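Right, one structure below, let's go through it.
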Amino acid sequence: MPESPEVEVVRRGLERWVSGRTVADVQVLHPRAVRRHTAGGDDFATALRGHRFGVARRRGKYLWLPLEDVPATDTAAADSTGGEPGAAYSVLGHLGMSGQLLVQPEAVPDEKHLRIRIRFDDIEGTELRFVDQRTFGGLSLHPNTPDGLPDVIAHIARDPLDEEFDDAAFHSALRLRRTTIKRALLDQSLISGVGNIYADEALWRARLHYERPTATLTRPRTTELLGHVRDVMNQALAVGGTSFDSLYVNVNGESGYFDRSLDAYGREDEPCRRCGTPMRRRPWMNRSSYFCPRCQRPPAGPRG
DNA sequence: TATCCGACCTGTTGGC
DNA sequence: TGCCAACAGGTCGGAT
């Protein structure tokens, strides 16, 4: 399940293997994989053909490749002078639950769930493949904002590994919300790149219950939590991300190894690594929350 | 306006 | 062995 460390691993792979290459041909093999491109698969393929990819970029779980040589059009974004020089448009990607961006030799047989194939106008002999079992992810083409960001993700907050992430502003936003801490961690407009796995891990490290109201967090507590979020992400990044099965792999098809280091997620009934109390799993928003009932005390309920 | 929650999707797993 | 339900979870949009 790709969260921002996994997406960063993929971004680095794209930067190394795809940036600077020119698109020769695009095959859209499943319409759902380009559903965010409202003009449809044929338009997506036509729009990319002949254009060169710039340096891969990322915000949270989204990554994108600026099109370096798309001529300015009548869109407002085309007047942009910020971001990637000359990049009025970008190909935006989201891996969803099970998406993979693979750079494969052209001779390698198609993956079972191959959704989009991008061939290049060079002699390297490799192509970019978007493979996605559950088709929650996809690729699409969008105009850029003046900051060089695809316009449809302008509402996505910076992720905590971004040096421009504002800890004080995040704390203020938490205090204003009438919600609980795990919901807030998964709210990509507040803080991006955190998914269910790393939210549980960071909350376990911070000894915070997932239903803790955000309005009760003190500034030191928020700072401590952000530190744990960053630690979890950096550790995952160092080993290539989390991988429970073959669904998450980098651009070369290699799995990450961070699952061996998880302290909370997926450890129902196993002893807490701090106090030995059996970990618990609770249904939460159509998914699961894993926590230690002793280290992570639930907040006090309503009076009565 | 802010927040909540179901739908989308498909392979795997477990129960019968 | 085969069938079926439950489960996994990021994002969007409708409901409250």
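Remember, predicted model here, so these are calculated numbers, not experimental data. For the numbers below, each heavy atom of this structure counts, side chains included, while hydrogens, waters and symmetry mates do not. We name chains A, B, ... by the order of the sequence lines, and we start the count at 1 in each one.
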Does the cation-pi check pass for A:R274 over A:W204, that is, NZ or CZ under 6.0 Å from the six-membered ring centre and within 45° of its axis?
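Yes; both conditions hold, so A:R274 lies above the ring face of A:W204.
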Give me the atom names and distance for the closest heavy-atom approach of A:H142 to A:R36.
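That would be CE1-O, 3.8 Å.
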So which atom in A:V34 and which in A:G40 form the shortest heavy-atom distance, rounded to 0.1 Å?
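Smallest heavy-atom distance, with atoms named: CG2-C, 4.5 Å.
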Produce the list of close N/O pairs, under 3.5 Å, pairing protein atoms with atoms of nucleotides 9-11 of chain B; give distances to one decimal.
from: B:dG11; atom 1: OP1; to: A:H113; atom 2: NE2; distance (Å): 3.4
from: B:dG11; atom 1: O4'; to: A:Q133; atom 2: OE1; distance (Å): 3.1

Think [X] has a side-chain N or O under 4.0 angstrom from the OP1 or OP2 of [N]?
{"X": "A:R36", "N": "C:dG10", "answer": "no"}
{"X": "A:H94", "N": "C:dT11", "answer": "yes"}
{"X": "A:S288", "N": "C:dA8", "answer": "yes"}

Run the side chain to side chain contact (heavy atoms under 4.5 Å, CB included) test against A:K182 and tell me which residues pass, sequence neighbours left out.
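Expected list: A:L186, A:N196, A:A199, A:D200, A:L203, A:Y210, A:W284, A:S289.
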A:D231 side chain reached by A:R205 side chain, heavy atoms, under 4.5 Å:
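A:R205 vs A:D231: side chains touch.
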Reading nucleotides 1-6 of chain B 5' to 3', which nucleotides get B (base under 4.0 Å from a protein heavy atom), which S (sugar-phosphate only), which -?
--SSBB
Whole Å only: how far is the CG atom of A:D187 from the P atom of C:dG10?
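Value for this atom pair: 13 Å.
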To the nearest angstrom, how far is A:Y290 atom OH from C:dC7 atom P?
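That distance rounds to 11 Å.
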Under the side-chain contact (heavy atoms from CB on, under 4.5 Å) test against A:L101, which residue among A:V7, A:L63, A:V131, A:V18 passes?
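For A:L101, the side-chain contact (heavy atoms from CB on, under 4.5 Å) test succeeds with only one of A:V7, A:L63, A:V131, A:V18, which is A:L63.
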Should A:E106 and A:R119 count as an ion pair when the cut-off is N to O under 4.0 Å?
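Salt bridge: no.
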State whether A:R177 and A:D187 are salt-bridged, where the test is any N-O pair (Lys NZ or Arg NE/NH1/NH2 against Asp/Glu carboxylate O) under 4.0 Å.
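Between A:D187 and A:R177 there is a salt bridge, with a charged N closer than 4.0 Å to a carboxylate O.
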With a non-hydrogen cut-off below 4.0 angstrom, is A:R35 in contact with a base, only sugar-phosphate, or nothing?
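Contact class for A:R35: none.
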